[in-house]
Amino acid sequence: MSMFTAFDISATGLSAERYRMDIISENVANANTTRTADGTPYRRKVVTFETQETDANKSFSHVLDHAIANNHLGKARTLRMNEDAIGYGVKIPQVSEDYTTEMNMVYDPSHPDADENGYVTYPNVNTITEMTNLIDASRAYEANATAFSASKSIAMKGLSLLESN
C-alpha cells in the first residue's frame, strides 16, 4: 500500500462522515416539518456506507474465500496482509428514507395539517437518536482526521530521513 493510498482512505472517510453529519442536520432541522413539497410529512433520511473497491476481486467475500481456500483461517501467523486484503476507503451509494420507523401521530385539531380525527402526522425523527448519531459521526470524523495526520507524520518523517542522508 502506498503512502497516498493511506491519504485517500482517510479522505474518503472524512468526506463520508461529513456528508453523514449533513444528513443528520437535515433530519434535525425537519423534525417538525409536517408538509414537504409533495404534501407529505418529512421522512427521516439514512446514509448507507459501502466499501470502495477498485475491482470485483477486492470484495470481502473474495478475501474470505481466498483465506478458506488457502486454509489460513485459524492460523493467524500464516495469514499475511496481501493486496486482496487492502481496503480502498468508503463511499455512499445511497441516501434512503426511513420507512421502518413509525411516523409520530399527535392530537392537535387546530393544526392546518390535522386529519379528520384531529391527528397531525409528524416526521419519524427522534432528536435523541439523531444527536447520538451525530456524536458517532463526529467521532468517526475525528478518527479519520487522526489517521490522516498520522499518515502525514510518517510521510514527513520519511522525507526528513531522506534529506539527512
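In this text the structure is predicted, and so the values were computed from the model without any measurement.
The backbone N or O of Glu102 lies less than 3.5 Å from no partner atom in the side chain of Asn124, so there is not a single donor-acceptor pair. Counting only distance, with no hydrogens or angles, the side chain of Asp115 and the backbone of Gly118 share a donor-acceptor pair below 3.5 Å. Judged purely by atom type and a 3.5 angstrom limit, Ser151 has no side-chain atom pairing as donor or acceptor with the backbone of Ala6. A donor-acceptor pair is defined here as one N or O able to donate and one able to accept, closer than 3.5 Å; such a pair exists between the side chain of Asn126 and the backbone of Ile128.
Note: Ile92 CD1 to Ser15 OG = 8.5 Å, rounded to the nearest 0.5 Å. To the nearest 0.5 Å, the span separating OG1 on Thr51 from NZ on Lys91 amounts to 7.5 Å. Rounding to the nearest 0.5 Å gives a distance of 11.0 Å between OG of Ser25 and CG of Asn30. Residue Thr12 holds its OG1 atom at 7.0 Å from CG of Asn144, rounded to the nearest 0.5 Å.
The side chain to side chain contact (heavy atoms under 4.5 Å, CB included) test with Asp113 singles out one residue from Thr40, Thr121, Thr34, Asp108, and that residue is Thr34.
Under the 4.5 Å side-chain contact rule for hydrophobic residues, Val90 and Val47 share a cluster. Under the 4.5 Å side-chain heavy-atom criterion for Ile, Leu, Val, Met, Phe, Trp and Tyr, Ile24 and Tyr141 are members of the same hydrophobic cluster. Note on Leu14 and Tyr19: separate hydrophobic clusters, where clusters join Ile, Leu, Val, Met, Phe, Trp and Tyr whose side-chain heavy atoms are under 4.5 Å apart, directly or indirectly.
In this structure, the side chains of Tyr122 and Met105 stay at 4.5 Å or more apart for every pair of heavy atoms. Contact annotation: the side chain of Met21 approaches that of Leu134 to within less than 4.5 Å [non-hydrogen atoms, C-beta and beyond].
Between Glu97 and Lys45, none of the side-chain N atoms (NZ, or NE/NH1/NH2) sits under 4.0 Å from a carboxylate O, so this pair counts as no salt bridge.
Pro93 approaches Thr48 most closely through the heavy-atom pair CD-O, 3.0 Å. Between Ser138 and Ile135, the closest heavy-atom pair is OG-O, 2.9 Å. Between Pro41 and Thr36, the shortest heavy-atom distance links the atoms C-CG2, 4.1 Å. Pairing each heavy atom of Ala16 with each of Phe49, the nearest pair is O-CZ, 3.7 Å. Summarising the geometry of Ile9 relative to Gly89, their closest heavy-atom pair is CG1-N, 3.7 Å, with the distance given to 0.1 Å.
Residue pairs meeting the salt bridge (charged side-chain N to carboxylate O under 4.0 Å, His left out) criterion with at least one member in residues 135-157, sequence neighbours excluded, are Arg20-Asp136.
Under the 30°/60° scheme for interplanar angles, the aromatic rings of Tyr107 and Tyr119 are found to stand perpendicular.
For Asp98, the side chain to side chain donor-acceptor pair (under 3.5 Å) partners two or more places apart in sequence, or in a different chain, are Arg44, Thr100, Thr101. Listed by chain and number, the residues in a salt bridge (charged side-chain N to carboxylate O under 4.0 Å, His left out) with Asp22 are Arg18 (sequence neighbours excluded).
A donor atom on one side chain and an acceptor atom on the other are not found under 3.5 Å apart for Asn32 and Tyr42.
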